Amino acid sequence: MSSAVPLNLGIARSAGADAAGGGKRVLLAEPRGYCAGVDRAVETVEKALEKHGAPIYVRKEIVHNRHVVDTLAERGVVFVDETDEVPANSVLVFSAHGVSPAVHAAAAERSLHTIDATCPLVTKVHQEAKRFARDDYDILLIGHEGHEEVEGTAGEAPEHVQIVDGPDSVDSITVRDEDKVIWLSQTTLSVDETMETVERLREKFPKLQDPPSDDICYATQNRQVAVKAMAPECDLVIVVGSRNSSNSVRLVEVALGAGAQAAYLVDYAREVDLAWLDGVRTVGITSGASVPEILVRGVIDLLAEQGFADVQSVTTANETLVFALPRELRAART
């Protein structure tokens with residue numbers, strides 16, 4: 001859960017910072033990095049390894065971060081695309097992005113011991129899709145075609161769900177009954193782009209209903225708000241995150257839209273091009289919801305070597321939400 005706190009742009013520099021760094025500074029977005037759902041998913045795999053031993057199988061990437069996936073693979077986690085790649089009777093973890101009922105059924109056919117690490121906020125959207133399908137609504141799911149979360153949600157009611165991949169795809173949408181239409185969304189989208197899509201949908205379907213509660217996750221929104229707060233101050237924003245991470249990619253877009261002069265996505269500090277720093281006085285740093293803090297620290301250290309030693313926080317929310325582990329693993333938690 002997050003709570004609003006007074007915005008702190010950290011304008012006051014630490015003593016001697018101007019002299020040491022020529023006025024160069026880093027604005028560090030708060031909150032950033034791991035959300036409750038990612039923390040739960042990664043810990044689920046770690047606890048499964050402790051309980052069952054290697055190999056543990058995970059369908060797709062447990063979260064969309066290269067470093068996390070590579071680190072778990074080194075410990076004996078095997079990442080697969082589909083259940084038919086998993087030996088019968090093995091332990092299989094479903095990723096934080098969720099899966100369709102068809103995937104659950106395929107795992108059961110192979111007698112796999114499954115552990116569901118789906119983020120509870122994604123599960124909420126699944127439940128909404130099932131509920132409105134039972135009531136025979138047309139469900140317009142705003143999200144990126146081919147994204148694992150979208151595939152999982154759509155799979156709950158494929159005969160009722162149409163995917164709306166951004167405002168430009170609205171024109172091709174048709175419904176059976178304009179009195180029974182509702183929109184849902186992928187949890188990791190840009191808030192602004194999602195609402196633009198909703199506005200376009202509402203122009204076409206004036207009786208379009210809103211979801212019972214906000215589908216875009218609190219962490220996605222909080223990270224975007226923090227970036228919006230610091231971006232107007234920034235010559236450059238560096239977003240730490242992987243290219244297949246929807247929420248990380250959105251942070252780059254949000255930074256540019258909010259006034260940053262430039263914004264780039266990197267997995268590691270070594271991917272930062274020092275030419276980006278030419279003429280730059282203020283660098284903003286944030287990270288996607290599946291990024292461990294060690295990767296952010298690497299970027300901070302690199303910038304310090306380039307004279308950006310003054311680090312100031314931009315805090316727009318405090319996050320305290322924690323999700324319980326899947327029930328199969330709760331006894332193993334210390």
Side-chain angles (χ1 to χ4, degrees), residues 35 37-38 40-41 44-45 57-66 68-69 78-86 92-110 112 114-134 137-170 172-173 175 182-190 193-194 197-198 201 211 215-217 219-220 241-250 288-290 326:
C35 63
V38 166
R40 174 183 185 266
T44 292
V45 177
Y57 294 85
V58 175
R59 184 182 181 274
K60 308 294 186 181
E61 295 184 349
I62 185 65
V63 296
H64 286 157
N65 183 264
R66 187 74 260 152
V68 171
V69 170
V78 180
F79 293 92
V80 300
D81 284 328
E82 297 299 342
T83 55
D84 59 10
E85 301 173 52
V86 183
L92 174 65
V93 179
F94 294 133
S95 80
H97 309 102
V99 298
S100 69
V103 174
H104 283 283
E109 288 176 5
R110 297 185 62 76
L112 302 179
T114 60
I115 302 172
D116 193 351
T118 301
C119 173
L121 299 180
V122 174
T123 299
K124 177 185 76 71
V125 182
H126 280 228
Q127 296 303 323
E128 290 172 351
K130 289 192 286 187
R131 168 189 164 187
F132 287 101
R134 284 196 301 269
Y137 275 74
D138 279 315
I139 300 167
L140 308 184
L141 177 60
I142 301 173
H144 297 301
E145 190 87 42
H147 190 280
E148 290 150 48
E149 181 187 331
V150 171
E151 290 179 346
T153 302
E156 293 286 1
E159 68 283 3
H160 287 85
V161 173
Q162 296 180 70
I163 297 170
V164 186
D165 195 344
D168 292 340
S169 64
V170 169
S172 63
I173 300 298
V175 300
I182 189 164
W183 69 272
L184 304 176
S185 78
Q186 181 181 335
T187 62
T188 54
L189 298 181
S190 159
E193 183 181 352
T194 300
T197 304
V198 171
L201 285 170
D215 285 347
I216 298 178
C217 96
T220 295
S242 294
R243 284 155 183 78
N244 64 336
S245 166
S246 178
N247 76 90
S248 298
V249 173
R250 300 290 84 73
S290 53

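Every heavy atom of this structure was used, including side-chain atoms; hydrogens, water molecules and symmetry mates were not. A quick note: this is a predicted structure, and the numbers were derived from the prediction, not measured.
Rounding to the nearest 0.5 Å places CD1 of Ile139 at 8.5 Å from CD of Glu159. Glu82 contributes atom CD, which lies 4.5 Å from atom NZ of Lys60 (distance to the nearest 0.5 angstrom). How far OG of Ser100 is from CD of Glu156: 7.5 Å, rounded to the nearest 0.5 Å. In this structure, CG on Leu184 lies 10.0 Å from CZ on Arg131, to the nearest 0.5 angstrom. Distance CH2/Trp183 to CG/Asp215: 6.0 Å, rounded to 0.5 Å.
The closest donor-acceptor contact from the side chain of Glu193 to the backbone of Leu189 lies at 3.5 Å or more, if one exists at all. With hydrogens and angles ignored, the 3.5 Å screen pairs no side-chain donor or acceptor of Gln186 with any backbone N or O of Ile142.
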query = Taking it one step at a time, do Val93 and Thr114 satisfy side chain to side chain contact (heavy atoms under 4.5 Å, CB included)?
reply = CA-CA 6 Å; Val93 179; Thr114 60; over 6 Å; no

key: Criterion side chain to side chain donor-acceptor pair (under 3.5 Å) on Asn244 and Glu61, from CA distance to verdict   = CA-CA 10 Å; Asn244 64 336; Glu61 295 184 349; 3.0 Å; yes

query = Is there a side chain to side chain contact (heavy atoms under 4.5 Å, CB included) between Val99 and His104 once you walk through the steps?
reply = CA-CA 7 Å; Val99 298; His104 283 283; 3.4 Å; yes

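A side-chain donor from one of Ser246 and Arg250 sits under 3.5 Å from a side-chain acceptor of the other.
Ion pairing between Glu148 and Arg59 fails under the 4.0 Å rule for side-chain N and carboxylate O.
Among the candidates Val122, Asn247, Leu121, the single residue satisfying the side chain to side chain contact (heavy atoms under 4.5 Å, CB included) test with Cys217 is Leu121.
Here the closest heavy-atom approach between residue His97 and residue Val63 is recorded as CE1-CA, 3.9 Å.
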